[in-house]
Amino acid sequence: MLETIYNVDFAILEFIRENLRCGFMDIVMMIFTFAGNYGIVWNVIAIALFISKKYRRLGASLAVGLIACLVIGNIILKPLVARDRPFITDPSFLTIIPPPSGNSFPSGHTFSSFVSASILAMHSRKAGISAFGTAVLIAFSRLYFCVHFPTDVLCGAILGIVTGITVYRIMNRKAKEDIPKGSSES
């Protein structure tokens, strides 16, 4: 079973490497992969929202989601699964970006992107469309540069969506409990 998963993972990476790599895509994917480093793009959005009184709770939700992602992904799952990255497992899959350290599963870029996109989508469909578009491009960039296996990215996306929805619902429930009865706020 694990061998089949590895074979499919490598076949997908090989397809991307052989059919999609070019100078223009290198630049575009580099922009997205660097935007996802340490969740930079999502942290900036969380801070900007938190500064605004109107969107403070949404900013706090993003921050909580990103912290949950860090704990679940980097502190618990990566050491537990301890999966090597593709370029370590098969040195023919060289990466043209600085090779990331640490384990491969799950993709932290993908996890943080889908946590953030899910929270933003739960708040606003319009914001969610842009956020999910960005999340997909960040996730794909990790495959493009052969720093994650497709299953790392897929699981990062699933974990991100589940975590994001959970965090949003918890934070939103807390907000509703904070509104005094008889208030017209929604």
Side-chain angles (χ1 to χ4, degrees), residues 29 31-83 85 100-143 145 147-186:
M29 290 294 104
I31 291 167
F32 283 98
T33 214
F34 289 141
N37 285 352
Y38 307 105
I40 290 171
V41 67
W42 309 115
N43 283 302
V44 168
I45 291 169
I47 291 166
L49 290 170
F50 193 78
I51 290 171
S52 164
K53 186 174 182 176
K54 181 177 179 180
Y55 296 108
R56 185 163 291 145
R57 184 165 302 279
L58 181 58
S61 295
L62 275 175
V64 169
L66 290 166
I67 291 167
C69 171
L70 176 71
V71 171
I72 295 166
N74 289 19
I75 296 174
I76 297 172
L77 289 175
K78 282 188 184 248
L80 184 67
V81 176
R83 186 180 197 189
R85 293 181 183 272
S101 60
N103 296 313
S104 189
F105 181 90
S107 166
H109 281 65
T110 304
F111 196 170
S112 64
S113 295
F114 278 83
V115 159
S116 301
S118 296
I119 290 169
L120 291 168
M122 294 286 289
H123 179 76
S124 160
R125 176 180 252 170
K126 190 175 181 179
I129 290 169
S130 296
F132 271 113
T134 302
V136 166
L137 289 167
I138 289 171
F140 181 74
S141 76
R142 307 310 282 168
L143 300 175
F145 292 119
V147 294
H148 281 290
F149 290 103
T151 48
D152 302 336
V153 169
L154 176 62
C155 290
I158 292 167
L159 287 166
I161 290 167
V162 170
T163 304
I165 290 170
T166 302
V167 166
Y168 184 84
R169 286 185 175 162
I170 290 169
M171 296 294 285
N172 198 39
R173 181 179 311 131
K174 177 74 174 129
K176 286 181 182 175
E177 291 171 1
D178 290 343
I179 297 172
K181 291 191 186 229
S183 172
S184 63
E185 279 188 65
S186 51

How about [X] and [Y]: do any of their side-chain heavy atoms sit closer than 4.5 Å?
X: M122; Y: N172; value: no
X: I119; Y: L58; value: yes
X: S118; Y: F132; value: yes

Is there a donor-acceptor pair under 3.5 Å between the side chain of K78 and the backbone N or O of F105?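 Here the side-chain-to-backbone pair does not exist.
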Which heavy-atom pair separates [X] from [Y] by the least distance, and what is that distance?
X: P79; Y: N74; answer: CD-O, 3.3 Å
X: G39; Y: S112; answer: CA-OG, 4.2 Å
X: M171; Y: S61; answer: CB-OG, 3.2 Å

Nearest 0.5 Å, please: how far is [atom2] in [Y] from [atom1] in [X]?
X: R57; Y: L49; atom1: CZ; atom2: CG; value: 13.5 Å
X: F145; Y: F140; atom1: CZ; atom2: CZ; value: 9.5 Å
X: I40; Y: I45; atom1: CD1; atom2: CD1; value: 12.0 Å

Under the side chain to side chain contact (heavy atoms under 4.5 Å, CB included) test, residues paired with [X] that sit two or more places apart:
X: S124; answer: K126, A127
X: A63; answer: none
X: V136; answer: F114
X: S52; answer: K54, Y55

Taking side chain to side chain donor-acceptor pair (under 3.5 Å) as the test, write out the residues that go with [X], two or more places apart.
X: S107; answer: T110
X: T33; answer: S141, R142
X: N43; answer: none

Side-chain donor-acceptor pairs under 3.5 Å in residues 152-162, sequence neighbours left out?
{"residue": "D152", "atom": "OD1", "partner": "R83", "partner atom": "NH1", "Å": "2.7"}
{"residue": "D152", "atom": "OD2", "partner": "S104", "partner atom": "OG", "Å": "2.3"}
{"residue": "D152", "atom": "OD2", "partner": "F149", "partner atom": "N", "Å": "2.8"}

side-chain contact (heavy atoms from CB on, under 4.5 Å) evaluation trace for L62 with F50: CA-CA 9 Å; L62 275 175; F50 193 78; over 6 Å; no
Pairing residues for R85 by the salt bridge (charged side-chain N to carboxylate O under 4.0 Å, His left out) criterion, not counting sequence neighbours: none
Under 3.5 Å, sequence neighbours excluded: what are the donor-acceptor pairs made by side chains of residues 64-73?
none

Test log, rule side-chain contact (heavy atoms from CB on, under 4.5 Å), inputs W42 and T134: CA-CA 10 Å; W42 309 115; T134 302; 3.9 Å; yes
Show, in sequence, the C-alpha distance, side-chain angles and deciding distance for I170 and I165, and conclude whether the side-chain contact (heavy atoms from CB on, under 4.5 Å) test is met. CA-CA 9 Å; I170 290 169; I165 290 170; over 6 Å; no
